[in-house]
Novice: 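Just passing along the structure, written as structure tokens.
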Amino acid sequence: MLVLAGAGTGKTRTLTYRVAWLVENGVHPSNILLLTFTNKASKEMMRRAASLIGADVTSLWGGTFHHIGNLILKSHARLLGYKDGFSILDRTDTKDLFETCRTAVASAHKDSQLLPKASVLTDLHSYARNTSKPAETAISERFAALLPNAQLISDVTTLYEKKKRELNLVDFDDILHNLVVLLRDHEDIREYYSRRFRHVLVDEYQDTNMLQAEVVALLCSYHRNITAVGDDAQSIFSFRGANFENILNFQKQYPDARIFKLTTNYRSTPQILHTANAAIAANRRQFHKELRAVRAEGELPALVPLEDVREQALFVASKIKDAVDDGGALDDIAVLYRSHYQSMEIQMELTRLGIPYDVRSGMKFFEQAHIKDILAYLRILSNPYDEISWKRLLKMLPGIGNATAEKIWNYLTQSPQTPPLERLIGAAAAAPKKAREHLAAFAACIEGLRKISAPSEAIDKALRGSYEKYLFLTFPDADNRLRDLTQLSEYAVKYTSTDTFLSEMAIQGAEQPMAAAAAAESGEHVVLSSIHQAKGLEWKTVFIIGLNDGQFPSIKSGKNWDEEEERRLFYVALTRACDELYLCYTYTSYAGLMRPSRFIRDIPGGLFEEIEII
DNA sequence: TCTTATGCCCTTTTT
DNA sequence: GGGCATAAGA
């Protein structure tokens, strides 16, 4: 069945009730599969469902597509041609590997300045794979100006695919892609899993891409019991290949599906809902649905013009302080924005006022340099052909940069008989004099690490054996980073296998650091979040900042961007608020005078109240 | 001349 | 944090 539901109508709740209903009617929890998009949403839904059926969370099968995919693939790695299993590349690793391939292709071509940057190549390749479109189509849809370089770009991606295979690495897209291949081409395996999952439940169906829709179809091919919920007006992940046509085509794919529409909003005051309805009305490509409010009347949303980002931060922080002084709870407040960097000033101001906050955007815990550095030690031990981690480690040594790291890597992999770890001792030959001593010390440390199998111990040893010194020489805030690493080591204690530890770190990398997560659960705090990450959540009071043309909607020249998707994003932001909503924009920025966002200008006056700040 | 180190700019969204 | 230009080093 398909549940088409607007914002705040209880989509996720519907899924958890469905789980409870199924269990009540005799379906065993382990035969139900819950698929979600984010780790956070998955945790929350599993927790709720488990408490409804009075069972332990572990009795349910659920998680993100990538998490479930990885679990299934791990048992069939050989079938897919990965000899000793595989390591997972996270976002930053993927980009690094692309950078390596880009340099290789660039040095072989004279006109290589035509090659786009690694981040663009990564984006492009991922888009092509997630939409199952040929590279040329992907280029013309996303970066039309690059079409003349299609050949060069394809050289890089070919090399990238080849390297991944050789090095036993998979990226996020491979997890989905390999899962489709596994289930499509191996009838026995498909039958096993699709028989096992008698009911498949999917949250946020509007954000599935081609691969994910196919995974769902394959997983429920035996029983054909699928429950999907979604809202086309909240489709905000097209850059990742999400295609809300999937939800429109649901009926075609599952002709016997029943469709339910939920249009009663239980979350927001009528005032907030009217504003949201008006904001999305300008979109042409949508199922028209006007949400009805059932809550009592509230305040009009406030429109707040401010001089600059500094004043904006002062306003938001002081409003939050007032709310707390009046006995309000910090947990009920969120500040939402289009891009990470917009949160900086707010963070500084909140820190100044001593208001605890939790930032849910930007650099993730596991993407920070020191975490990746220390994990690189573990990674070369678990996969000695992990070129990226080798180079990362080597470049930390004084006197070794890109060029020397490349030379040493070549030396390490020169001999097919001797594995890289064995050859490290003799690698000094490939290094300049200045670096030899450091390289020898590093080799000794790695040699010591090889005897250890527990990830926690390995982290401690790498830290003491060599990384700690580097940490204090490199980072002004080494103390904080060292604390992170100690925590990482403590966290790793519950893993006995480095392999499992690493793959879980890569997939759940988007999750909070353990320390912050613990703090977040214990203490009250304001949430600062990108709108993308705020999806599915709600707060009593919401501030949306940086509502200026150019920032929101964000305009990136040269790319084929979609104003309707930006407007859906605005809609998602507005509908996060239950009681109070503040829309902030500034007159100026470092770039000069700014205009208020066209999204605000599109909303008829009278739906909000303009506040004067003196 | 090839490499490494460093200072200064800017910053879309994510599994 | 990342990319890029430029200074310093070998």
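Here is how names work: the chains are called A, B, and so on, in the same order as the sequence lines, proteins then strands, and each is numbered from 1.
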Novice: Base, sugar-phosphate, or nothing for A/Phe65, non-hydrogen atoms under 4.0 angstrom?
Specialist: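 Contact class for A/Phe65: none.
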
Novice: When the distance from CD of A/Gln347 to C1' of C/dG1 is rounded to whole Å, what number comes out?
Specialist: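 Nearest whole value for this atom pair: 14 Å.
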
Novice: CZ of A/Arg102 versus C1' of C/dG2: gap in Å, rounded?
Specialist: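 Going from CZ in A/Arg102 over to C1' in C/dG2 covers 13 Å.
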
Novice: What is the distance from CG of A/Asp171 to P of B/dT14, rounded to the nearest Å?
Specialist: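 A/Asp171 atom CG is separated from B/dT14 atom P by 18 Å.
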
Novice: From CD of A/Gln551 over to P of B/dT12, roughly how many Å is that when rounded to an integer?
Specialist: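 Atom CD in A/Gln551 sits about 12 Å away from atom P in B/dT12.
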
Novice: Evaluate side-chain hydrogen bond (donor to acceptor under 3.5 Å, both in side chains) for A/Asp499 paired with A/Ser382, printing each intermediate quantity in order.
Specialist: CA-CA 6 Å; A/Asp499 235 33; A/Ser382 119; 3.1 Å; yes

Novice: Using only side-chain N and O atoms of A/Ser530, determine if any of them is under 4.0 Å from OP1 or OP2 of B/dT14.
Specialist: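 The answer is yes; a side-chain N or O of A/Ser530 sits under 4.0 Å from OP1 or OP2.
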
Novice: When you compare the ring of A/Phe237 with the six-membered ring of B/dT14's base, are the centres less than 5.5 Å apart and the planes under 30° from each other?
Specialist: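 A stacking contact does not exist, since A/Phe237 is not both close and nearly parallel to the base ring of B/dT14.
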
Novice: Only pairs under 3.5 Å count here: list side-chain donor-acceptor contacts from residues 475-483 of chain A, not counting sequence neighbours, and write none if there are none.
Specialist:
from     : atom 1 : to       : atom 2 : distance (Å)
A/Asp477 : OD1    : A/Arg481 : NE     : 2.9
A/Asp477 : OD2    : A/Arg481 : NE     : 3.4
A/Asn480 : OD1    : A/Arg483 : NH2    : 3.1
A/Arg481 : NH1    : A/His370 : ND1    : 3.2

Novice: When you look at A/Phe65 and A/Phe37, which way does the ring-ring contact (aromatic ring centres under 6.0 Å, His included) test go after all the steps?
Specialist: CA-CA 7 Å; A/Phe65 280 84; A/Phe37 275 79; 5.5 Å; yes

Novice: Please tabulate, one pair per line, each protein N/O and nucleotide N/O from nucleotides 1-8 of chain B that are separated by under 3.5 Å, including the distance.
Specialist:
from  : atom 1 : to       : atom 2 : distance (Å)
B/dT4 : OP1    : A/Gly401 : N      : 2.7
B/dT4 : OP1    : A/Thr404 : N      : 3.2
B/dT4 : OP1    : A/Thr404 : OG1    : 2.5
B/dT4 : OP2    : A/Asn402 : N      : 3.2
B/dT4 : OP2    : A/Ala403 : N      : 3.1
B/dT4 : O5'    : A/Gly401 : N      : 3.4
B/dA5 : OP1    : A/Gly399 : N      : 3.1

Novice: Pick the nucleotide of DNA chain C nearest each of A/Phe475 and A/Lys117; which residue has the one closer to the 5' end?
Specialist: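 Of the two residues, A/Phe475 wins.
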
Novice: side-chain hydrogen bond (donor to acceptor under 3.5 Å, both in side chains) between A/Tyr160 and A/Asp171: does it pass, once the steps are laid out?
Specialist: CA-CA 11 Å; A/Tyr160 171 76; A/Asp171 60 22; 2.6 Å; yes

Novice: Determine, for A/Arg567 against A/Asp602, whether the closest basic-nitrogen to carboxylate-oxygen distance falls under 4.0 angstrom.
Specialist: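 Salt bridge between A/Arg567 and A/Asp602, a charged N being under 4.0 Å from a carboxylate O: yes.
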
Novice: For B/dT14, does OP1 or OP2 lie under 4.0 Å from any side-chain N or O of A/Gln533?
Specialist: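 Yes, such a contact exists.
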
Novice: Return the value, rounded to whole Å, for the distance between atom CG of A/Asn130 and atom P of B/dT13.
Specialist: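 Nearest whole value for this atom pair: 18 Å.
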
Novice: Hey, is the side chain of A/His340 poking within less than 4.0 Å of OP1 or OP2 on B/dT14, counting only N and O atoms?
Specialist: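 Looking at the OP1 and OP2 atoms of B/dT14, one of them is under 4.0 Å from a side-chain N or O of A/His340.
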
Novice: How many Å lie between CD on A/Glu99 and P on C/dG1, as a whole number?
Specialist: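 Rounded to whole Å, this separation is 17 Å.
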
Novice: Salt bridge (Lys or Arg N to Asp or Glu O under 4.0 Å) between A/Glu204 and A/Lys11: does it pass, once the steps are laid out?
Specialist: CA-CA 9 Å; A/Glu204 311 277 14; A/Lys11 288 190 292 291; 5.4 Å; no

Novice: With heavy atoms under 4.0 Å as the rule, sort A/Lys95 into base, sugar-phosphate or nothing.
Specialist: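 Sugar-phosphate: the residue A/Lys95, judged by heavy atoms under 4.0 Å, touches backbone atoms but no base.
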
Novice: In this structure, how many angstroms lie between the P atom of B/dT12 and the CG atom of A/Leu569, rounded?
Specialist: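 Value for this atom pair: 15 Å.
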
Novice: Does C/dG9 have OP1 or OP2 sitting under 4.0 Å from an N or O in the side chain of A/Lys433?
Specialist: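 For C/dG9, OP1/OP2 do not have a side-chain N/O of A/Lys433 under 4.0 Å.
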
Novice: Rounded to whole Å, how long is the line connecting atom OH of A/Tyr205 with atom P of B/dT15?
Specialist: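 Rounded to whole Å, this separation is 20 Å.
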
Novice: Considering residues at least two apart in sequence or located in another chain, which fulfil the side-chain hydrogen bond (donor to acceptor under 3.5 Å, both in side chains) criterion with A/Asp90?
Specialist: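 By the side-chain hydrogen bond (donor to acceptor under 3.5 Å, both in side chains) rule, A/Asp90 matches A/Thr92, A/Lys372.
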
Novice: Is any NZ, NE, NH1 or NH2 atom of the basic residue among A/Glu565 and A/Arg568 found under 4.0 Å from an Asp or Glu carboxylate oxygen of the other?
Specialist: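 Looking at A/Glu565 and A/Arg568, the cut-off is met.
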
Novice: Choose from C/dG1, B/dT14, C/dG2 the nucleotide whose nearest atom is closest to any side-chain atom of A/Arg481.
Specialist: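 Shortest atom-to-atom distance from the side chain points to C/dG1.
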
Novice: Of the listed nucleotides (B/dT14, B/dT15, C/dG1), which one gets closest to any side-chain atom of A/His532?
Specialist: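 From the listed options, B/dT14 comes nearest.
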
